[in-house]
Amino acid sequence: MKTIKSYIKYLVLAMSVMVTASCTKLDENIYSKLETGNFYNNKNEVLSAVLRPYTHANAWITPGQNGWWRISELSSDLLSWPQKGRHGYDDGKWIRDHYHTWIYDDEAVWEPWRLMWWGLGLCNDPIENLERREAAEMGITQEEKDAYIGEMKLLRAFHHMRLMDLWGNIPIVTVVGEKDPPTKPRTEVFNFIEKEILENMENLPNLSSNNIGRISKAAAYGMLVELYLNAEVWTGTARWDDCITYCNKLINSEAGGQSGAMALDPTITATYNNTNDKSKEIIFSIAYKFRDGIGWKPQWTGDFYHFNQRFIYGGEHDGNDGVVVNPGVWDQYYKNTDMRKESWFLHGRQTPYDPSKPVLGTEEYRGQPLEFVDNIRRNSEGSTRSDMTQGEENSGYRFNKYKPGASTDPNYMSNDWAIYRLTWVYFAKAEAIMRKNGGTANAEAVDLINTCKRRAFSAADWPAEAYTTSTLTINELFNERTREFFFEGWRRQDLIRFGRFLTAEWWDHKPSLQEHLKLMRVPDRQIQLNPNLKQNPGYN
C-alpha cells in the first residue's frame, strides 16, 4: 500500500472521473449516487478511488474550509476569527461560532455538515464497488481487496465519529443513494463506529512510510482512543480501561510507525516541520507534498496567514488574515521559559525573511511595519472597545506551529497535518488513569505528562516545571492540554469533556449555560429534504 504522496497523479484521474458526479447535486441531496460503473478496471483506478476521500478530507479536517476544525476551534476560548475592518465579517458566521448563537439554517453549521457527509459518501462508493467485484477483474489480490474495503470502512467510521462529535444524533449511512436515512441516537452511532473499527482493523497493515496519510492499524487504534476517551460524554458510560488498552498498543508501537518504531519526537518542532513525514510520533495525518505532482498544498495558510505573510517566512503564499489568538490567552497559559510560547506563535513586530523586503501592513497600517498585538480593538482610532467586530489587520497573536519553510526549500509547504499523534495518546492515557482515580494522578500519569512536557523546557528550567502527583491535578492536566494541543482542533471536545464549554467565560464570550448547545443544530435545509432527520433537542 502506497503513500498518498506517491499517487497524486492518479488522484487527478480519480477526480476527473468521479468528482463531477459526486459534487453537482450536493445541495439537493447529500447522499446522491456516484457514477463509477466504468471505473475499477485496474489497480491504479482502484487506488484512485480509495484515495479520493482523503483529498476531500483535507477540506473538512484541517483549517482552510469551514469544516470540523473551524467549528471546533472557533467556538472555543482560545481562537476566534473577528471582523477586522472591512474584512472577516462573512455574514457573521465566525461571530456566532464565538458566541454560540447559531441561528436557523446557519451557514456556520451547514457548511461543516455538507463537507463531512460529502466525504462519507466518497467512502461508501468504493466500498460498494469493491465489494461487488472480484479481486482478479480489478487487477488486485483478495488480500488487497479486503485491506482496501477495511480501510474505507474505517475512514467512513471516522467520518461518522466526527459527525457524532458535533451533532450527536445522526443517520448511519452505509450505502450510496439511501433514501431519507433516519436519525439514530448517539449511543447507537457510537456502537456502530466501535463495531466497524473492531471488525475491520485486523485487515489493515501497520503504519509505515508506505501508507502515510492513510488509515492504518495505528490510525484504527487512535480512533478507538478518541472514541473511548469521550465515551462518557457521548454515551453516558465511561470506558477508561478500554482507552488505556489502545493507548498502550500505540505507546508500545504494536501497530508500526511512519518512520520506524513509534516514539515521541525529541523536540517541539519535529512533529510540525516540512519534513514531518519522518516524524516518529504522527499516527494519522493529512499528507502534503507541494513540489510534487499537481502542487497540492496545505489549506491552513488561508485561515492563519496575514495578507503579507510571505514576507515573514520567505514563501509564496499569503492568507485571509483570519484566525487569531484570543486576547490574554498567550500569557495566561505559557510561562516565558516555555519554548512553545515563542516557537508556536507570531507576536510583536514581524521580522522580514529578506531584510530588503519589509513586512508591512496593507489595511489600517498600510506601509507601516506589521506588529501583531495581544488585543482586538481599533487601536488606530484610539478606541478601547474590544469585541468580535472591533479587530484590525494586526489584532491578535498568530499561528506559527507548522512552519512551511521558504519557497527555495525543496520541501516547501510539505507539512503533513497531524490528526492523531503519540503525545495526544500519552495525554489520553494519563487522563484515563486520573479519571479512574477520582481526578488524582499517580506516578504513571505524572511520568506520561512529564515525558511530553520536558521537551518544552531547557535542562536548567526543567526541575522547576516537572509535575508531581500533588501538582498534576485534573485542572492542571486541562491547562497542560491547552498548552500542548493549541491550534490542533481538540478544544471544543476538551471543553465539553472537562465541563467548561457551557460554563466558562472568556474574552468576548459569556457562559451560555444551555445544555443543548453541546450539540450543533441539524441544518434545517437538510430536514426539509429528509423528513426522517430529527432536530436536536433545544432548537426550535
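Along the sequence shown, the residues carry numbers beginning at 1. Bear in mind that the values here come from a model prediction, so they are computed numbers and not experimental data.
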For Arg133, does its backbone N or O pair with a side-chain atom of Lys145 as donor and acceptor, under 3.5 Å?
-> yes

Check whether any side-chain heavy atom of Leu79 lies under 4.5 Å from a side-chain heavy atom of Val325, and answer yes or no.
-> yes

Under a 4.5 Å cut-off applied to non-hydrogen side-chain atoms, are Pro112 and Trp68 in contact?
-> no

Rounded to the nearest 0.5 Å, the OG atom of Ser285 sits from the OH atom of Tyr54 at a distance of 10.5 Å

Glu137 atom CD, neighbour heavy-atom count above 12 within 6.0 Å | yes

Begin with the C-alpha distance, continue with both residues' side-chain angles, and end with the deciding distance and a verdict on ring-ring contact (aromatic ring centres under 6.0 Å, His included) for Phe486 and Phe399.
-> CA-CA 9 Å; Phe486 216 108; Phe399 170 92; 9.7 Å; no

Indicate yes or no: at least one non-hydrogen side-chain atom of Leu204 is less than 4.5 angstrom from one of Ser216.
-> no

Does CD belonging to Glu131 count more than 12 external heavy atoms closer than 6.0 Å?
-> yes

Can a salt bridge be assigned to the pair Asp318 and Arg310 using a cut-off of 4.0 Å between side-chain N and carboxylate O?
-> yes

Parallel, tilted or perpendicular: which fits the ring planes of Tyr272 and Trp344, with parallel below 30° and perpendicular above 60°?
-> perpendicular

Check: Asn58/Tyr288 side-chain N/O donor and acceptor closer than 3.5 Å = yes

Report the residue from Glu202, Glu196, Glu194 that forms a side chain to side chain contact (heavy atoms under 4.5 Å, CB included) with Leu198.
-> Glu194

Between CG of Asn129 and CG of Asp125, what distance do you get to the nearest 0.5 Å?
-> 5.0 Å

Does the Asn276 side chain pair with the main chain of Asp416, one donor and one acceptor, at a distance under 3.5 Å?
-> yes

N/O donor-acceptor pair under 3.5 Å between Asn169 side chain and Asn536 backbone = no

Salt bridge check: are Glu107 and Arg96 linked by an N-O gap of less than 4.0 Å?
-> no

Is it the case that Arg52 and Thr55 place a side-chain donor and acceptor less than 3.5 Å from each other?
-> yes

If you measure from the Lys or Arg side-chain nitrogens to the Asp or Glu carboxylate oxygens, is any gap between Glu144 and Lys43 under 4.0 Å?
-> yes

Take the angle between the ring planes of Trp490 and Trp424 and call it parallel below 30°, perpendicular above 60°, tilted in between.
-> parallel

Measure up the Trp94 and Trp81 rings against each other and bin them: parallel (under 30°), tilted (30 to 60°), perpendicular (over 60°).
-> parallel

Sub-4.5 Å side-chain heavy-atom contact between Gln65 and Glu111 | no

Side-chain donor/acceptor of Asn42 to backbone N/O of Glu45, under 3.5 Å | yes

Less than 4.5 Å apart, any side-chain heavy atom of His159 and any of Trp60?
-> yes

With Glu281 as reference, evaluate Gln258, Met262, Arg421 under the side chain to side chain contact (heavy atoms under 4.5 Å, CB included) test and give the passing residue.
-> Arg421

Taking the side chain as C-beta and beyond, is there a heavy-atom pair between His56 and Pro53 under 4.5 Å?
-> no

Once you round to the nearest 0.5 Å, how far does OG of Ser76 lie from CD of Gln493?
-> 12.5 Å

Starting from the C-alpha separation in whole Å, work towards a yes-or-no answer on ring-ring contact (aromatic ring centres under 6.0 Å, His included) for His306 and Phe311.
-> CA-CA 10 Å; His306 182 268; Phe311 298 112; 9.9 Å; no

Over-ring placement of Arg521 relative to Trp102, 6.0 Å and 45° cut-offs | no

Lys/Arg cation over aromatic Trp110: Arg114, 6.0 Å, 45° cone | yes

When you measure from the side chain of Arg492 to the backbone N and O of Asp165, does any donor-acceptor pair fall under 3.5 Å?
-> yes

How far does SG of Cys243 sit from NZ of Lys429, to the nearest 0.5 angstrom?
-> 10.0 Å

Go through the steps for Asn230 and Glu226 under the test side chain to side chain donor-acceptor pair (under 3.5 Å), then give the verdict.
-> CA-CA 6 Å; Asn230 294 286; Glu226 181 178 359; 4.8 Å; no

Is the Phe304 to Trp69 ring centre distance short of 6.0 Å?
-> yes

Check: Trp417 and Thr62 side chains under 4.5 Å, non-hydrogen atoms | yes

Can Asp303 and Arg70 be counted as an ion pair, charged N to O under 4.0 angstrom?
-> yes

Centroid separation Tyr313 to Tyr353 less than 6.0 Å | no

Electrostatic pair Asp321:Arg398 at N-O distance under 4.0 angstrom = yes

So do Met152 and Ile149 actually touch side chain to side chain, heavy atoms under 4.5 Å?
-> no

Please find out if less than 6.0 Å separates the ring center of Phe192 from that of His160.
-> yes

Are Ser80 and Val323 close enough, and set up right, to give a side chain to side chain contact (heavy atoms under 4.5 Å, CB included), and what steps lead you there?
-> CA-CA 6 Å; Ser80 59; Val323 176; over 6 Å; no

Check: Thr174 main-chain N/O paired with Arg156 side-chain donor or acceptor under 3.5 Å = yes

Under the side chain to side chain donor-acceptor pair (under 3.5 Å) criterion, do Ser75 and Asp97 qualify, and how do the steps go?
-> CA-CA 5 Å; Ser75 63; Asp97 277 344; over 6 Å; no

Could you grab the distance from atom CG of Asn66 to atom CD1 of Ile71, nearest 0.5 Å is fine?
-> 6.5 Å

Cationic tip of Lys249 within the cone over Tyr221's six-membered ring, i.e. under 6.0 Å and within 45° of the normal?
-> yes

When you look at Asp265 and Thr271, which way does the side chain to side chain donor-acceptor pair (under 3.5 Å) test go after all the steps?
-> CA-CA 7 Å; Asp265 285 326; Thr271 312; 2.7 Å; yes

Ser259 backbone acceptor or donor facing Lys280 side chain under 3.5 Å | yes

Would you call Glu232-Arg497 a salt bridge at under 4.0 Å N-O?
-> no

What distance separates Arg162 CZ from Ile170 CD1, expressed to the nearest 0.5 Å?
-> 12.5 Å

Is there a donor-acceptor contact under 3.5 Å from the side chain of Asn530 to the main chain of Pro181?
-> yes

Determine, step by step, whether Lys217 and Glu254 satisfy the salt bridge (Lys or Arg N to Asp or Glu O under 4.0 Å) criterion, reporting the C-alpha distance in whole Å, the side-chain angles of both residues, the deciding distance to 0.1 Å, and the verdict.
-> CA-CA 9 Å; Lys217 190 178 293 184; Glu254 293 181 25; over 6 Å; no

Salt bridge check: are Arg291 and Glu316 linked by an N-O gap of less than 4.0 Å?
-> yes

Evaluate the criterion side chain to side chain donor-acceptor pair (under 3.5 Å) for residue pair Asn415 and Trp300; output intermediate values, then yes/no.
-> CA-CA 11 Å; Asn415 314 64; Trp300 42 260; over 6 Å; no

Is it true that a side-chain atom of Glu488 and a backbone atom of Phe485 form a donor plus acceptor pair closer than 3.5 Å?
-> no

Is it the case that Asn411 and Lys289 place a side-chain donor and acceptor less than 3.5 Å from each other?
-> yes

What orientation do Phe284 and Tyr420 show, parallel under 30°, tilted 30 to 60°, or perpendicular over 60°?
-> tilted

